[in-house]
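So the structure is just underneath, and the comments pick up after that.
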Protein chains: 2
Amino acid sequence: MTPRRRDAAATRQALLEAARTRFTQVGYESTTLRDVAADVGVNLALIKRYFGSKEGLFKAALAASPRFLADLPPDRAALVGELTRQLAADSWPEFGEHPVLMLLRASGDPTVTAGRREAIEAAAARILAAAGPADSVPDALLRAELLVALGVGVAVLRSAVGAQPLTDAGPDALATPLRAVVDALLPDPHRP
Amino acid sequence: MTPRRRDAAATRQALLEAARTRFTQVGYESTTLRDVAADVGVNLALIKRYFGSKEGLFKAALAASPRFLADLPPDRAALVGELTRQLAADSWPEFGEHPVLMLLRASGDPTVTAGRREAIEAAAARILAAAGPADSVPDALLRAELLVALGVGVAVLRSAVGAQPLTDAGPDALATPLRAVVDALLPDPHRP
DNA sequence: CGGGCAAGTCATCATTTGTTGACTTGAGTT
DNA sequence: AACTCAAGTCAACAAATGATGACTTGCCCG
């Protein structure tokens, strides 16, 4: 290996990834900057240099994470497939943990909590847009948000709680019941 | 008011309630024993006296909380009603917060995390038992656990995230979509 | 009434942890 | 080879916090 020393960009990136893992796994409060620095093999003062503070590190790590329930296909048939893929924890190859968990384990910083609410509400809006015309059912947005709630709950039960049999269920086992839920919550406007 | 001084039972109870509120709202790490003691108007050393340690206080507060998705009626029709009631955050009159949140915001103590997993799995088993024969569908337990996941997600989105319109949705608005989900996940064996 | 004991307080300690300014080192440039 | 500046290290501080043992006070029982 060629341990590229004195590479600011690489160090910064490594810090981001270590921070994301810690924050996601043990939460904001239990993550210590010394641990993050040690993971990378770097001095803790570098975190201040690059991110200013612990809160800054958290926000940077959050911004570098994939969005929850983004990139949903506008095709209803493919929607269930993509939902299933994003709910399975091992479907984030480049990430060891489910990205939505970091949102939930955040600090109490007002900026973060507000952004979290917006991210959740935006996910519901994306689901609604992908599933069909919004006016098909009066409470369509509420129903879409219930679907987001299901996604959040699945992520929590799989990645944080480890509940069985849900944790070990593969995409195949999840797809069928998920399709039933999607059909129940978001009636297909083309199929009255 | 008659501030009953020197009443060990009352003081202990007050400490438990204050702790539950703090743990639920801001999580284990961010809850300080000084804050809990101050809420009750008592010295922090009493917490050690009654509960031994912070971890002991947490476990005692957890044990004093109502179980999530307990007391489900064995009647399928009433199941949705009870689910709806337990998902609405204001349906716990004696508690300001949803009890499932304290489970999620727990410390990393192995005893607690193991108990949490068991509590979730037991909730799924209770739903399954209330909804009908377990053998009606092969993956019935997985489906019941998805219902628990929905409950966890709804609790998180309502009480911790504050996502709209879900947070302001009342029992009436929730019952209809919830019934659709229950029917989709747990097919009624009496109605093939 | 007064002795005993539990209820409650006080002051303090040790540790953890975020923050910070001064210092050192290495790589590229001239 | 000397210079420069950013990358990185070091040591230390201050605040927060859980834990703890000694001390005080009020209630109850004889």
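The analysis underlying the following values was restricted to heavy atoms, covering all of them including side chains, and did not include hydrogens, waters or symmetry mates. Fair warning: this is a prediction, and the values are worked out from it, not measured in the lab.
- The side chain of B:Lys54 sits closest to D:dG18 out of C:dT19, C:dA7, D:dG18.
- A donor atom on one side chain and an acceptor atom on the other are not found under 3.5 Å apart for A:Ser107 and A:Asp109.
- Between the P atom of C:dG18 and the CG atom of A:Asp109 lies a distance of 15 Å, rounded to the nearest Å.
- Mapping B:Arg34 and B:Ala45 onto DNA chain D by nearest heavy atom places B:Arg34 at the nucleotide closer to the 5' end.
- Closest to the A:Arg6 side chain, of the nucleotides D:dA7, C:dG21, C:dA7, is D:dA7.
- Phosphate contact (OP1/OP2 of D:dA7, side-chain N/O of A:Thr11, threshold under 4.0 Å): absent.
- Distance from the side chain of B:Leu46 is smallest for C:dG8 among the nucleotides D:dC10, C:dG8, D:dA19.
- Across all strands shown, B:Thr31 has heavy atoms under 4.0 Å from sugar-phosphate atoms exclusively, and none from any base.
- Regarding B:Ile47, its CD1 atom lies at a distance of 15 Å from the P atom of C:dC10, rounded to whole Å.
- Ranking D:dC10, C:dT9, C:dA7 by closeness to the A:Asn43 side chain, first place goes to D:dC10.
- In this structure, B:Phe23 places its CZ atom 12 Å from C1' of D:dG18, rounding to the nearest Å.
- The CG-P distance, from A:Leu33 to C:dT19, rounds to 6 Å in whole Å.
- A donor-acceptor pair under 3.5 Å is absent between the side-chain atoms of B:Arg179 and the main chain of B:Val80, judged by distance alone.
- A donor-acceptor pair under 3.5 Å is absent between the side-chain atoms of B:Arg126 and the main chain of B:Leu72, judged by distance alone.
- Atom pair B:Arg49:CZ and D:dA22:P shows a separation of 14 Å (rounding to whole Å applied).
- Distance OH (A:Tyr50) to C1' (C:dT20): 17 Å, rounded to an integer number of Å.
- Here C:dT17 presents its P atom at 15 Å from CG of A:Leu57, a figure rounded to the nearest Å.
- Atoms CG (B:Leu44) and C1' (C:dT9) sit 11 Å apart, rounded to a whole Å.
- Nearest nucleotide to the B:Lys48 side chain, out of C:dT9, D:dT20, C:dG21: D:dT20.
- In summary, B:Asp183 and B:Arg76 engage in a salt bridge, as defined by a charged side-chain N under 4.0 Å from a carboxylate O.
- Side-chain contact check for A:Glu97 and A:Ser159: no donor-acceptor pair (N or O, by modelled atom type) lies under 3.5 Å.
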